[in-house]
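In what follows, a single structure is set out as C-alpha cells and then discussed.
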Amino acid sequence: MKRTHHCNELRPTHIGQMVTLTGWVHSRRDLGGLIFIDVRDREGRTQTVFDPSDLPKDLFERAAALRSECVIRVAGKVRQRPEGTNNPKIPTGAVEVMVTELEVLNVADVLPFPVDDPEVASKVNEELRLRYRYLDLRRPEMARNLRLRSKVAMATRQYLDEQGFLEIETPLLFKSTPEGAREFLVPSRVNPGQFYALPQSPQQFKQILMVGGIERYYQLARCFRDEDQRADRQLEFTQIDLEMSFIEREDIYTLVEGMLKRIWKTALNLDVPTPFKRISYQEALNRWGIDKPDTRFGMELVDFTEEFRASKFKVFGGAVASGGVVKALNAKGLASVTQGQIDTMTEYAKGFGAKGLAYIKVEGGEWKSPIVKFFSDAEKASLAQKLKIEEGDLILFAADQWLNACEILGEIRRYCANLLKEQGKLTIPADRFDFLWVVDFPLLSFDKEQNRWYSSHHPFTAPVAEDIPMLKTDPKKVRGQHYDVVVNGVELGGGSIRIHQPDVQKTVFEEVLQIPPEETKLRFGYMLEAFRYGAPPHGGIALGFDRLNAILCGTPSIRDVIAFPKTAKGTDLMTESPAAVTPRQLRDLHIDVKVAKKD
RNA sequence: GGGGGCGUAGCUCAAUUGGUUAGAGCGCUGCCCUGUCACGGCAGAGGUUACGGGUUCGAGCCCCGCCGCUCCCGCCA
C-alpha cells in the first residue's frame, strides 16, 4: 500500500502514529526555516510539516522545490498542532504530520489556472476548464458533483431493485426512426450504404421488453439527440428510463414519488412530501402560462375575458370577439420597471405574434398606462379587486387566443420573477423544491402548415379511455395518458401509459396521424407485429438524470454534473473531437465526403 | 437557421470612452524569512489586446469580416 490513511482521516486520536499519505500538493507555505505543505486527495487535505532541524538537507530542499499539484507520498508521525495554530476550517485542522520521508511521485508543470483557490477557480473561463477538464475535476465543487451523481445513481438502482425492476441494457446501435429529434448515424461497414442510428431514447426497446414479459425494466440509459444545445441539453445525456406492465398512471406516480423521495433524502437529507400535486395541462396554462410551472412564487395569471367581452378598448374586446381571452398578472412591487424592461417584455409578446404588451404601473396613487383611459369604471374596479392592485404594482395583459395569451404571460411571469429576484424583492430558499405532476395533456396537436394532427408526446401514448370515441370526431379534445413530473419549473421527466391494443394503435397511425400503412410498416412494423402476440398493458417514464443532478447540486448547467461535457457547438475541447478521419476509414465505410475539410 | 453577451499577461480583471512606454492582484522566477494555512517581505520576467482587414495623424476602444466560448428563440416525437 502506498498510503495508510487518506487526507481527511487524521484526528487527535491518531497522535503518535507513523502514517503515510499520498496526494497532490494543494498549497505550499515556505517560511524559510520551515515548510508547510497541504497534501490533498479526493477526501480532503492534511497539513504536513518539514522541519530542517531533524531532516536531511536534500529532503528539505526537495520539499522546497515542490510546486502546486505535484504528486507526492509523505511519511511521518502525527502530532498535535502547537497551541493556537489549529485550523478550524478543515476537519484535520487539529493535527499535522511531521514528515520524515518524501517521495515525489510526479512533478506538475505550472498550471494553466489555479485549482487551490476556490474563489478564483470558480470564476475561471469555462472554455479553459473544459480544455483542462482533468484539472477542473480536482476542484472540490466538481469532485462533490460527481460524487453526488454517483450516490444518486446508486440510490436509484437500489430503490428500483427493491421495487422488483430488472436493469437491462438496450442497444446503442439502433435503427433510424426519422421522427422527433435528429439522430446520429453510424455507417455500417459490412452493409454498404446502410446506417445504424444512436437511440434518442430506448423507447421502442423498453416496450418490446414488456411484450417480452419482463414486467419491470429500468436503465440509466445514454441517449443521443443531434439538436442544438442549451445549458440543460447535451448531445448525449443520461436518463432514468423505466417501464412497467399491468399498471395504471397512479402506479407510476407512486413509484416515481417514492424514487424522488429516496433520491432527495440520499443526496440532500431532505424529506420530500408525497404525493405530489396533480395539475392538469389546462390548469397549468391557465394559472402559470406554462406546462412546467414554477409554483415557488405567486404572480398567477387571472382571467378577464368576461369583464372585457364588451369593452370599449378594442384590442381586448376584439380578441374576445374572435374567440380569444384576456388575461393579466400582477407583478407586485415592479412599478419601478424601466422602459427597457417593458420593451424586452414587449418583444417576448411579439415573439408570440402579439401586437404589443398592455401594462399599468401603479405609482403615486395613479394608474399610469397608455390604455387605462379606455377602461370603464366597472372594468377598473374588477381589475383592482381580482388582481388585488396596490401602490407599486405592475399589471401586464395579454389578449389573444387562449394558448398564446397564456404562454405570453407565462414568459413574462418568469421574466418579472427574475427582475424581482435581482432587486431582492423575491427570495426563494435554496432548499425549497416544489414537485408536481402535470397531467391530461392533449393527445394531439395540430400542425397548421402541414394541415394534419401530430402526437404531442409520441404515437404510442394511450388516449384517456373515455376519450377514445372522440379520436375520429373531435381529436383536439382527446386527452393522452401522458404525465410530466416538474420541480421548480424544470421538466424532470415525462412518460405515458402506452397503447397496447393493435386496433387503437392502427386507428392512431392511419386515421388520426394519417401515416400511410406502408410507411407505418416500414417504421414501426416490428412493434405492431410484436403487439399482436400478447402485449400486456404497460406504461413508463424517463427522467433526465443530468438535470436531476444539476438541481440537486444547485447549478444551472448540466455541464457541471457531467465529467466530460461538450460545448454548445458539440465539440470536446480536451480531445478536440469531432475530427477528420483518414481516407482509408471513409473508404472502408463506403463514404464519400463532399464538404471541404476545415484547416 | 436567428438574436444577445463575452474574448486584454498563465488566471481574474482595469485602461479617465480615440491620445505618451497597455496597468493591478494572484500565479511564475530569484533573494530573505522557524508556526503558516489566501503566509509575509524585496526584486524581476511576462502582452501580435482571439485572428484578418479598414477608417484615422493616432485604434484595446470605431467599422467590416472571421474564429472560439456562452445565453436565448427556432429545434428537442
Side-chain angles (χ1 to χ4, degrees), chain A residues 26-40 45-54 60 64-65 67-69 81-90 92-93 96 98 109-132 135 177-183 200-201 203-204 223-235 237 344 347-348 350-352 411 414-415 443-445 447 453-461 480 482 491 494 496 513 515 523-524 542 544 556-557 559 566-569 571 573 576 598-599:
Chain A
H26 185 71
S27 83
R28 184 178 49 105
R29 296 175 293 282
D30 185 345
L31 275 59
L34 193 64
I35 300 171
F36 297 98
I37 287 178
D38 285 354
V39 185
R40 185 199 71 241
R45 56 188 221 249
T46 302
Q47 173 165 285
T48 66
V49 190
F50 295 74
D51 187 336
S53 57
D54 23 75
F60 189 77
R67 68 160 88 85
S68 275
E69 299 303 311
R81 292 195 187 193
E83 185 83 30
T85 62
N86 283 14
N87 183 356
K89 287 190 227 162
I90 55 175
T92 60
E96 61 191 10
M98 285 294 294
D109 276 353
V110 175
L111 304 174
F113 62 89
V115 302
D116 60 332
D117 185 338
E119 296 240 339
V120 178
S122 63
K123 280 161 68 184
V124 171
N125 191 346
E126 194 176 6
E127 191 175 349
L128 203 69
R129 289 172 46 206
L130 289 176
R131 179 148 167 239
Y132 299 96
L135 293 178
T177 54
E179 196 162 348
R182 249 182 240 115
E183 299 167 314
Q200 305 166 39
S201 94
Q203 182 63 36
Q204 297 183 33
C223 305
F224 303 85
R225 292 180 191 173
D226 187 8
E227 297 292 348
D228 286 356
Q229 324 243 355
R230 288 286 194 285
D232 62 351
R233 275 169 23 196
Q234 284 270 305
L235 296 181
F237 62 99
T344 303
E347 287 308 309
Y348 271 134
K350 285 182 177 170
F352 279 93
E411 276 301 310
R414 295 206 313 180
Y415 180 79
L443 183 70
L444 301 155
S445 307
D447 184 333
W453 294 96
Y454 64 94
S455 300
S456 304
H457 183 44
H458 63 57
F460 309 110
T461 303
H482 173 65
E491 182 192 328
S496 62
L513 300 178
I515 303 174
R523 281 200 224 159
F524 308 113
S557 166
R559 292 188 299 273
K566 289 177 180 58
T567 67
K569 281 224 173 118
T571 62
L573 296 175
E576 297 184 302
K598 270 190 185 177
D599 297 341

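Because only heavy atoms are used, hydrogens play no part in the values below, and waters and symmetry mates are left out as well, while side chains stay in. Chain letters run A, B, ... following the sequence lines, proteins first and then strands; every chain starts at 1.
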Candidates C69(B), C76(B), C73(B) - which lies nearest the side chain of A181(A)
C76(B)
In terms of side-chain heavy atoms of T571(A), which of C75(B), C69(B), U70(B) is nearest?
C69(B)
Have a look at [X] and say if it touches a base, only the backbone sugar-phosphate, or nothing, with a 4.0 Å heavy-atom cut-off.
X	result
Q229(A)	nothing
N86(A)	base
R559(A)	sugar-phosphate
R233(A)	base
R182(A)	nothing
S68(A)	nothing
T461(A)	nothing

Syn or anti for U17(B), taking syn as within 90° of 0?
syn
Distance below 4.0 Å between [X] side-chain N/O and [N] OP1 or OP2:
X	N	answer
S27(A)	C37(B)	no
K89(A)	C37(B)	no
R29(A)	A38(B)	no

Could you give the distance separating [M] and [N] at their [atom1] atoms, to the nearest angstrom?
N	M	atom1	value
U55(B)	U21(B)	C1'	25 Å
A22(B)	U17(B)	C1'	15 Å
G7(B)	A14(B)	P	8 Å
C62(B)	G19(B)	C1'	14 Å
A59(B)	A15(B)	C1'	14 Å
U16(B)	G2(B)	C1'	38 Å
C42(B)	G27(B)	P	14 Å
G4(B)	C39(B)	C1'	44 Å

D109(A) atom CG: more than 12 heavy-atom contacts under 6.0 Å:
no
Tell me if the CZ atom of R233(A) is crowded by more than 12 foreign heavy atoms within 6.0 Å.
yes
Is there a side-chain contact (heavy atoms from CB on, under 4.5 Å) between N87(A) and Q47(A)? Walk through the geometry before answering.
CA-CA 10 Å; N87(A) 183 356; Q47(A) 173 165 285; over 6 Å; no
The residue, Q200(A) or A231(A), whose nearest nucleotide of RNA chain B is more 5′ is A231(A)
Name the residue closer to the 5' end of RNA chain B, choosing between T85(A) and S201(A) according to the nucleotide with the nearest heavy atom.
T85(A)
Taking any strand in view, what nucleotide pairs with [N] in a Watson-Crick or G-U wobble way, both distances under 3.5 Å?
N	answer
C69(B)	G5(B)
C26(B)	G10(B)
C57(B)	G19(B)

Treat primed atoms plus P, OP1 and OP2 as sugar-phosphate and everything else as base, then score nucleotides 5-15 of chain B 5' to 3': B for base contact with protein heavy atoms under 4.0 Å, S for sugar-phosphate contact only, - for none.
-----SSS---
Measure from [atom1] on [X] to [atom2] on [N] and round the result to the nearest Å.
X	N	atom1	atom2	value
E127(A)	C67(B)	CD	P	15 Å
Y348(A)	G3(B)	OH	C1'	12 Å
E227(A)	C72(B)	CD	C1'	16 Å
L130(A)	C69(B)	CG	C1'	9 Å
F224(A)	C75(B)	CZ	C1'	20 Å
D228(A)	C71(B)	CG	C1'	13 Å
D38(A)	C37(B)	CG	C1'	6 Å
D226(A)	C76(B)	CG	P	12 Å

Please give me the minimum heavy-atom distance between [X] and [Y], naming the atom from each residue.
X	Y	value
F237(A)	Q200(A)	CZ-O, 4.3 Å
Y132(A)	F113(A)	CB-CE2, 3.8 Å
R81(A)	G93(A)	NE-O, 3.2 Å
S201(A)	C223(A)	CA-SG, 3.8 Å
S68(A)	L111(A)	CB-CD1, 4.3 Å
L513(A)	L444(A)	CD2-CD2, 3.8 Å

Please set out all donor-acceptor pairs under 3.5 angstrom arising from side-chain atoms of residues 31-40 of chain A, sequence neighbours excluded.
| unit_1 | atom_1 | unit_2 | atom_2 | d |
| --- | --- | --- | --- | --- |
| D38(A) | OD1 | R29(A) | NH2 | 3.0 |
| D38(A) | OD2 | R29(A) | NH1 | 3.3 |
| R40(A) | NH1 | H26(A) | ND1 | 3.0 |
| R40(A) | NH1 | E69(A) | OE2 | 2.9 |
| R40(A) | NH2 | E69(A) | OE1 | 3.0 |

Pairs under 3.5 angstrom, nitrogen or oxygen only, protein versus nucleotides 30-34 of chain B, please.
| unit_1 | atom_1 | unit_2 | atom_2 | d |
| --- | --- | --- | --- | --- |
| C33(B) | O2 | L31(A) | O | 3.4 |
| C33(B) | N3 | D30(A) | O | 3.3 |
| C33(B) | N3 | G32(A) | N | 3.3 |
| U34(B) | OP2 | G33(A) | N | 2.9 |

Using only heavy-atom distances, decide whether a donor-acceptor pair under 3.5 angstrom links the side-chain of [X] to the base of [N].
X	N	value
R67(A)	G27(B)	no
E96(A)	G35(B)	yes
R81(A)	U36(B)	yes

Do L235(A) and Q229(A) have side chains that approach each other closer than 4.5 Å (heavy atoms only, starting at C-beta)?
yes
